Structure formats: C-alpha cells, structure tokens
Number of protein chains: 2
Amino acid sequence: MTSRRHLLTGAAAAGLGAAAGAGLVAAADGQAPAPAAAAASTTGTAIVPFHGPRQAGVAEDPPAHAAFVALTLPAGTDRRGLARMMRLLTDDAARLTQGVPALGDTDATLAPLPARLTVTFGFGPGLYRAAGLQPPVADLPKFRIDRLEQRWSGGDLLLQICADDPLTVAHTQRMLIKDARPFAAIRWVQQGFRRSPGVQAPEHTQRNVMGQLDGTANPRGAEIDPAVWNDDGSTTLVVRRMRAEIEKWDILSVADKENAVGRRLESGAPLSGTLEHDEPDFTKLDASGLPAMPDFSHVTRARVTDPTLKLLRRPYNYDGVPNAAGHPDAGLIFAAYQKDIARQFVPIQQRLADKDLLNEWITPIGSAVFAVPPGCAADGWIGEQALT
Amino acid sequence: MTSRRHLLTGAAAAGLGAAAGAGLVAAADGQAPAPAAAAASTTGTAIVPFHGPRQAGVAEDPPAHAAFVALTLPAGTDRRGLARMMRLLTDDAARLTQGVPALGDTDATLAPLPARLTVTFGFGPGLYRAAGLQPPVADLPKFRIDRLEQRWSGGDLLLQICADDPLTVAHTQRMLIKDARPFAAIRWVQQGFRRSPGVQAPEHTQRNVMGQLDGTANPRGAEIDPAVWNDDGSTTLVVRRMRAEIEKWDILSVADKENAVGRRLESGAPLSGTLEHDEPDFTKLDASGLPAMPDFSHVTRARVTDPTLKLLRRPYNYDGVPNAAGHPDAGLIFAAYQKDIARQFVPIQQRLADKDLLNEWITPIGSAVFAVPPGCAADGWIGEQALT
C-alpha cells in the first residue's frame, strides 16, 4: 500500500498544508509523536495530515480533548444529498485540521492553532439505508449490563473531533455543525478529555476518572494494523458511554479495586506480576493457592491473545455537573476501533457482560456503532466509494 | 508586607510541599511563569503555593481548566459549623494543590500531577449572614441587559478550582464536594477552559469562543496590587455567565465586529492604533471625521484609566452541548477580581449595560458575588479571621 505519509506530503505541497506555516507534522502511523511535539512552542501548531488512504484520528496518540457529535438524517435523505453533505464536511475538515479556516468560517481567527486536530467521520447503519445500501455495521446485541439511554445512543453520522486544545475543538465542532445542520439534526454530543498536552510523556499510560491506568494492553505501533485496518483503509468504531458508579467505587479498599480490575492500582501491573507491561500469568497461584489473576477480574475476562482480535481503545473521560446532593456525573466515553465489530468487539463485551467484577462499578448508558470509511486523496471526499 | 513567596517557602519546608517531589514552583505574583513551566516535563508537576497572606488562584496566569462550584448552606448553619467545614476544605486544598492526596482521598492515584492547581474560596453574602456577620459584599444591582437564571446565580460558598489539567480539576472537584456535602448543597457548577498549556506563550493574550483577543487591558505584574488586593490580603470576585449569541455574531462582517468591540479582530489593536497594546486614542478621527474609537464600542464604554479602578479579569470559555437544531450553547464564565465591587465592577457594568454595542451579542444569564478572604498560614484555615 502506498504509504500514508507519502501521499500526505503531496497533498501538503499542493496547497492546504503549506498555508499552515510553521505547522509540525505529527506521527500518523500510531507511533507516539516525538517528545518535541509536546513542547511549548509546537503544541498549538502541530498538524496531523488529513488526506491519505486511511482517516486520521484513529491510530495517532489521542489528543487531550474530544467531541463526539452524532447526527440523525431526516426522512427522505438520499444518496445525492449525502454526497453533497460529505463533500462539504470533508472540505471543512481538510482545511481546519491544517490550521486553515473553513470556506464559510465565521470565526477565522480561531483556525490557526490546530493542535493536532483530527476530524474522523463514521457512518451509522441508518446512513447506508438512506443511501439504499446494505449497512456494513449492525447495532450491538443487547447485553445484560446495558442501561442504555436513547439520548446517548445511535446516530447516522458521527463526527469525532480531537485536538490538544479545547478551543480548537469548540471552533471545529461549531463550524462542522453549522455546515451539517441543513442536512441532519444533532442526536447527541459527548465531550471528553484526557491529560493535557505535556502533563505526561506520551509513552506513559494515562489514568481515567476512576484512577485506573487505562490502555495498558492497547495494541501499539505495528500491532495496530492487523487489529484495526481493513485492506481498503476502512475500520469500524464503537462508542459506549460508561457511567462510573464512582461513589460505590470510592468506598472500596485498594485491594478490592485491584481484584476487580486484575491490576495494581498504583503501578498497573497484573496481579501476577510486578511491572505494568508484564504479561498476565493466568496459571500463577498466590500464597493461599488461588489464581493470582482472579477468574472474574476485568483483565482476565477481556483478555485476547490473537493480535487480529484486539481492540484499539481510544477512551476519553467525561465529568458532567454533579446533582444538588453532590453526586458526580462522571465516566468514560469508551471509543474502540477494530476491523470487525462482530468478530472483535462483541465477544469481548459478551464475556465482560457475563462475568466481570468491574460491572458493579461501570454501567453502559449509551451505545453506537459506525463504519469508518477509508480516507481520501486531496481531490476526493470521505464516503466517495460508498456514495457515488 | 511579608512576601507571599517567603512565607510559602517556609510552609513547603514544613511538610506539605516537600511530599510533592519534583514539583516546580510557578510564579504566584501575577507574573507569567517562566517559559520552562509550560514545557512538557513540568506541566504536570508544576505547583502553586497554597499558604500565604493572599489566596492563590487570583494573580497567577490562569491555568487552562476551571470549575466554579457554588454551594448553598442549609437553614440553621452556624459559625461553628462553617468553621468545621472551612478547616476541612482548607486542609484538602492545601494538600491537593501540592500534589498530595486529601486525607480522605478515595482516588489517591489522581493526586500527584497538580498541574498548577489552585483552589480559591469565596464567601457569598449568605455565608456571612449564617455566621451572624454583616456581609462585606452585596448582590449586584439589576442591569437592563440581565436575563439571569437562578440555576447560574448566587451561592453561599464558592470553590474556584483551576489547573492546567482537566483530570486534576475533576479529581479536586470530586474530593472537595465529597467533603463539603455534609455541610452544603450544590447550587451550580460551571466548567470552563482556556487554551491548553503550551498552545500559546503565556505572555500572549488568548482568544475567546467569539474569536476576540480577550484580556488585552488587564492589569499585569505590579498593576495588579492596587486594583485587586486589600491590605488584609482579601479581595472580591464577581462571576457572571455571559451567553454568546454566537450565531448572530457569526453573521456580522469583520468590520461590524470590530466596531462593536473597538479593536481589530486579528491583531487586537484599538481601532485608533496598529498594535494590540497601543493605548486607545479617543480623540482620533477617522477619514470621514468620526471618532476612530466608536462612542458605543465595548472598549470605549469599559475604559478605566485610574489603576485602582481596574478589574482583573480571569475569564474562561464554556461550550455546552448544542440543541437538536445545532444551535450552540457557548459563552464566557466572566470572573473578575477587584478590591471593591461597588467602586470598581458596578460602574463599569453600568456603563456597559447602558450603551455597549456588544450587548447585542452577549447576554448575562448568571451572576454571583463573593468576598475572597485572605490566605492562611500552614497552621491556619481560610476564613479564620471572620469565623472565629
């Protein structure tokens, strides 16, 4: 396959990228960006290429802020209307991600600091049906643990907007919604965060709102391709809103938390080992003769060894406004990329739904699935293969 | 006056600060921190001293993320209960700001990256009344432009939580609310953001969600003291939620936006000048013989020359979830510090309410006033002067 980077150099020379001036091109191949990319002087101007055979916003180290925007198509939407919408939104995304105002940008002064901005488009089952096509993704089966709310579920079109700066995310969200609005209604918006740029070195696993190191077992570098990308440059995305039952979690002892997860809270090491990246040893017994890795711990139940069955998790924390009594509204926007939802995501989620100690402290309250079409060249648009 | 820095060195040596390890002490005197403070390796560990004659979180360069938490005291609250609450919350804040878990911290793993965390306490009029004291601050008069909503207004106690990392803000908010809950109910929470650390050099003025450079005329360095601090180390805070009528703003031409503000959109220069920090010249006429600075522009109306009458603005952007039709819910959490609300804030707000072109595009929907008591020594607590 032609390398993404190679194509992108061409696109940049052709115009868009050049306008961004001192932009630094961050790694787009799933490797952590060089430490220099996180330094003060380049955080704002860092650019992730938009054009290429695969969409950006999947394999890159996740930026600090994200907005997931799901839209609903009105009845009567047809393939021609979808194509017009996607041409327009692709053009907006191609410009904004390179630090260039959108064509109809009403606040052009907010465009020049993209801060690794990516815009990734996902197509829900309803978009394919509107286009008279067989959807390549299907809604998840209902799991025992689900307490899904309509207001966080479903969607015909997803915009995943990620950047290392929250003002850049806000501006991009506003410009894309302004242009999507004639074609579709807002279904839900989920805004999330990770650590700010520079707070941790990119190679260190981040903690989530529950205090857990989250993402230790994620595929990295060359492990990403066989798990995530189809030959045509497409992938799929599951977005689940996982409410943390954080006040119940808070009253657990550290040992109980560690048993539920299967890892040490401080180091992230599996209970069978001593370092975060030690492989869990499911045969190891503890001093009392019981398995060191509890059978029903989250790590034990989620475990996958076949590299083509792994998920690329790209979770963001959310922290809403607590209620009058002070109870938090916090949790995870759990975003997972994989080649095939039925083959990769569903079996893992089924095992976790059947028996996972962590279920007592996390509740799925939203769920949506999207096909993520291939990327496009500088003269193309996202979705052109399916919609023309 | 004993220098804050001096007192703080003592406090750090006495225990709390020392536990934070490699923490970098950021400037606490209103000067921008040295560029090194924004670099990758120290963003997470940077520490703002907590103890001293003045509270932190006022004069420092504002961190990227903030939560403003307003609480309501139940009927029957008395001075002894308030003292217990403030001893507890002061202890939490003193620890968490130094990267040390709170005494009852249920997620201690989230404490070690304070990222310039500050916790600033404000006392509303109701807190003084509960304590049997005459309130030193009074609710603002009603302004013509106000469209205040109860859900964003008032409050007996304010926690202003600021840090360069959103996970740190979330954890601190959770721990403080957990400890405040037995004493008070949540009245409102407003979460806001500025540019991420490192996206802009600290000496550069930031843009807000409307695309304006916001804060050009703010007092800086030695100008802060005469505007903000009373001799006893106290100050006052006004928090106004300003909804941006952003879709009406978006359809203005750049020239119309510039007339409303009185500054160039791109450079921030006053319409009478060429550079951002040029002094506006209200006598200058343009080519058609009209004042270069329109009489009703925001800058013209807000103008203050007496340095003791200036406000220290510390605004944060908010960007909520748009409605189904895609209309944004965005604006500013306008936080302003000054010695005396009646002498400094009210006249400016009155002039703006009477005649300010910008009124058409910003609407005050929330308002609250707080006295900000002096800081405290390592063996003291915030509010001890009033409540003992």
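On a predicted model such as this, the values are computed, not experimentally measured, just so you know. Residue numbers begin at 1 in each chain, while the letters A, B, ... track the order of the sequences.
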- Message: If the contact rule is any heavy atom under 4.5 Å from chain B, which residues of residues 181-190 of chain A qualify, in numerical order?
- Response: A:R181, A:A185, A:I186, A:V189
- Task: Kindly compute the distance separating OG1 (A:T109) from CE (B:M210), expressed to the nearest 0.5 Å.
- Result: 11.0 Å
Sort [X] into side chain, backbone, both or neither according to what part of it lies under 4.5 angstrom from a heavy atom of chain B.
X: A:Q206; result: neither
X: A:H65; result: side chain
X: A:P328; result: side chain
X: A:A64; result: neither
X: A:D105; result: neither

Side-chain touch [X]/[Y], heavy atoms, less than 4.5 angstrom:
X: A:T106; Y: B:I251; answer: no
X: B:Q212; Y: A:D107; answer: no
X: A:R194; Y: B:P166; answer: no

- For each of B:A115, B:A325, B:A67, tally heavy-atom pairs with chain A at distances under 4.5 Å, and name the one with the top tally. B:A325
- Item | Selection from B:I246, B:V321, B:I177 maximising heavy-atom pairs under 4.5 Å formed with chain A |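 The residue among B:I246, B:V321, B:I177 with the greatest pair count is B:I246.
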- Query: Given B:S196, which of A:T168, A:D165, A:L113 fulfils the side-chain contact (heavy atoms from CB on, under 4.5 Å) condition?
  - Reply: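 Considering A:T168, A:D165, A:L113, a side-chain contact (heavy atoms from CB on, under 4.5 Å) with B:S196 is found only for A:D165.
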- Task: With a 4.5 angstrom heavy-atom cut-off, could you sort out which part of B:E266 is near chain A: side chain, backbone, both or neither?
- Result: both
- Between A:D250 and B:R174, is there a salt bridge with N-O shorter than 4.0 Å? yes
- Salt bridge or not for B:R195 and A:D164, using N-O below 4.0 Å? no
- Main-chain N/O of A:D319 paired to B:Q191 side chain as donor or acceptor, under 3.5 Å: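 Indeed, once roles are kept as given, a pair shorter than 3.5 Å links the two residues.
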- Task: Write down the atom of B:L110, the atom of A:V209, and the distance for their closest heavy-atom approach.
- Result: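 Shortest heavy-atom contact: CD1-O, 3.7 Å.
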